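Here's the structure, in structure tokens; my notes come after.
Residue numbers begin at 1 in each chain, while the letters A, B, ... track the order of the sequences. The model shown is predicted, which means the values in this text are computed figures rather than measured ones.
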Number of protein chains: 2
Amino acid sequence: MARKLLENKDSCSMLHTINIIGTKWKPLILYLLANKSVRFGKLLFFMEGVSRKVLTDQLRELEEDGFILRQKFGEVPPRVEYSLTDKGKSFLPVLKQMCDWTIQWNPEVSFMDCKIVLPAED
Amino acid sequence: MARKLLENKDSCSMLHTINIIGTKWKPLILYLLANKSVRFGKLLFFMEGVSRKVLTDQLRELEEDGFILRQKFGEVPPRVEYSLTDKGKSFLPVLKQMCDWTIQWNPEVSFMDCKIVLPAED
DNA sequence: GCCATAAGTTACTTTTTAGTTACCGCAATT
DNA sequence: AATTGCGGTAACTAAAAAGTAACTTATGGC
């Protein structure tokens with residue numbers, strides 16, 4: 001349950017970033033939530049290969065770190081929707097740049113556009 | 001030895017990025033190589049907590065993926081220097097943006113500047 | 001002849017991460 | 001009255017990642 005993080009006594013920004021987002025599933029979760037809120041079951045469906053336990057754990061940590069919002073509706077059967085907070089949204093340009101970079105360097109993924117559409121600035 | 005990657009039959013750019021760079025140590029290695037070539041022993045020293053075995057594995061994979069160059073000098077005792085390829089260098093702006101984001105959102109790391117200095121464009 | 005040195009490799013053990021199965025709550029449907 | 005659906009949780013097991021300790025290689029210095 002307790003996360004094991006890299007030592008970071010000098011508060012290195014790179015290490016901090018890795019500790020907070022550098023996992024297998026977290027970037028993908030933020031990516032899937034980029035444009036809309038999504039239900040738990042949908043995330044489970046989209047993220048082929050993840051177990052509900054691991055998904056739950058990752059969502060809890062993202063919530064704890066202020067990236068996502070968990071909204072529970074008082075219905076039966078239960079409905080829970082996850083969405084990005086402002087902090088979560090502010091991370092999207094980073095993910096976008098990562099995807100852009102990947103498309104540039106990997107012809108085999110170039111046909112697929114990055115799903116992240118950044119909201120227009122004002 | 002064989003890496004275990006996420007399924008990605010639709011060639012999703014996000015998944016691809018995670019598969020190629022989304023690990024504990026790889027971003028940090030690229031970060032440490034940002035401005036100069038570095039010897040194996042130095043990397044081991046800088047990366048507190050990593051074992052030589054894991055460092056070797058990560059370096060091999062980064063080399064395999066074209067991010068870094070391994071230069072072996074014919075000396076005894078041996079000297080091996082690692083440096084970024086063009087592909088590796090092209091990933092630096094992504095890491096830079098990650099660090100910038102982290103500094104923005106985490107006051108406790110704000111005093112420390114990101115070590116990555118991007119080469120001037122022409 | 002023996003030791004030190006740098007960058008590994010190998011075989012083995014430990015730790016960490018992830019998956020599995022069973023179960024819960026509760027209203028609506030059958 | 002039993003069943004379905006969703007979003008979990010708990011206890012347990014399996015798999016993956018990482019750590020450890022010993023060994024290697026070849027030369028120069030003592």
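- Under the rule for a side chain to side chain donor-acceptor pair (under 3.5 Å), A/Asn8 has no partner lying at least two apart in sequence or in another chain.
- Protein chain B contacts DNA chain C from C/dT5 to C/dA11, reading 5' to 3' and using non-hydrogen atoms of the protein with a distance under 4.0 Å.
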Check: Could you write nucleotides 14-30 of chain D as a row of B, S and -, 5' to 3', where a protein heavy atom under 4.0 Å of any base atom gives B, of only sugar-phosphate atoms gives S, and otherwise -?
Finding: --S-BBB-----BB---
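- In this structure B/Ile21 satisfies the side chain to side chain contact (heavy atoms under 4.5 Å, CB included) test together with B/Thr17, B/Lys26, B/Leu30, B/Leu62, B/Phe67, B/Phe91, sequence neighbours excluded.
- Judged as a side chain to side chain donor-acceptor pair (under 3.5 Å), and not counting sequence neighbours, B/Lys24 has no contacts.
- The side chain to side chain contact (heavy atoms under 4.5 Å, CB included) search around B/Pro77 returns none, not counting sequence neighbours.
- Looking at residues two or more places apart in sequence or on another chain, you find no side chain to side chain contact (heavy atoms under 4.5 Å, CB included) involving A/Lys4.
- Among residues two or more places apart in sequence or in another chain, the side chain to side chain donor-acceptor pair (under 3.5 Å) test is passed with B/Glu75 by B/Arg79.
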Can you give the donor-acceptor pairs under 3.5 Å from side chains of residues 37-49 of chain B to other protein atoms, not counting sequence neighbours?
| from | atom 1 | to | atom 2 | distance (Å) |
| --- | --- | --- | --- | --- |
| B/Ser37 | OG | B/Glu81 | OE1 | 3.0 |
| B/Glu48 | OE1 | A/Lys9 | NZ | 2.8 |
| B/Glu48 | OE2 | A/Lys9 | NZ | 3.2 |

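- For B/Pro78, there are no side chain to side chain contact (heavy atoms under 4.5 Å, CB included) partners two or more places apart in sequence or in a different chain.
- Checked against side chain to side chain donor-acceptor pair (under 3.5 Å), A/Trp25 has no partners two or more places apart in sequence or in another chain.
- Across its full length, the helix from C/dG1-D/dC30 to C/dT30-D/dA1 shows an angle of 30° between the axes of its 5 terminal pairs at either end, rounded to 10 degrees.
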